[in-house]
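For reference, the structure is listed below as structure tokens.
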Amino acid sequence: TLHREWPEAKPLICVNLGTGTAEEAAAWVHYANMVNGYGIKQWQVGNENNGDWEDGGPLDAAQEAERFLAFAKAMKAADSTIEVLGPVYAS
């Protein structure tokens with residue numbers, strides 16, 4: 001029998017930067033970690049919002065940065081222990 005060591009899985013939740021709001025993202029953090037006790041530590045804000053295929057896009061770098069800062073502030077207010085990761089840019 002082949003035995004493999006699997007790495008411990010850690011959830012990474014991506015919130016909607018394109019058409020979502022900072023308040024909505026903070027509500028997801030609160031619901032997941034404070035209401036349900038999931039303890040999700042890594043949260044990503046947006047994914048490839050520089051493309052016109054994403055709702056609310058395309059966003060330029062300045063728009064993404066401004067929105068990211070608002071989202072991160074609201075999300076950290078909901079749970080100060082989380083890590084908020086920036087959006088992934090499509091190339």
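Because the structure is predicted, anything quoted here is derived from the model rather than measured.
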In terms of hydrophobic clustering (I, L, V, M, F, W, Y; side-chain heavy atoms under 4.5 Å; direct or indirect links), are [X] and [Y] co-clustered?
{"X": "Phe71", "Y": "Leu12", "answer": "no"}
{"X": "Leu85", "Y": "Val15", "answer": "no"}
{"X": "Met34", "Y": "Tyr38", "answer": "no"}

Glu66 atom CD: more than 12 heavy-atom contacts under 6.0 Å: no

If you compare all heavy atoms of [X] against all heavy atoms of [Y], which two are closest, and at what distance to 0.1 Å?
{"X": "Ala32", "Y": "Ile40", "result": "CB-CD1, 4.1 Å"}
{"X": "Ala70", "Y": "Ala22", "result": "O-CB, 3.7 Å"}
{"X": "Trp43", "Y": "Trp28", "result": "CH2-O, 3.8 Å"}
{"X": "Gly86", "Y": "Gln44", "result": "O-CG, 3.6 Å"}
{"X": "Gly39", "Y": "Asn33", "result": "N-OD1, 3.2 Å"}
{"X": "Gln63", "Y": "Pro58", "result": "OE1-O, 4.0 Å"}

CE-CZ distance between Met75 and Phe68, expressed to the nearest 0.5 angstrom: 8.5 Å

Any Leu59 side-chain heavy atom under 4.5 Å of Arg67 side chain: yes

Flag, side chain of Lys41 to backbone of Glu83, donor-acceptor distance under 3.5 Å: no

Donor-acceptor under 3.5 Å (Asn36 side chain, Tyr31 main chain): yes

Check against side chain to side chain contact (heavy atoms under 4.5 Å, CB included), Glu64 and Leu17: CA-CA 8 Å; Glu64 285 209 32; Leu17 179 69; 3.8 Å; yes

Trace of the side chain to side chain contact (heavy atoms under 4.5 Å, CB included) decision for Ile82 with Lys76: CA-CA 7 Å; Ile82 66 171; Lys76 293 285 278 184; 3.8 Å; yes

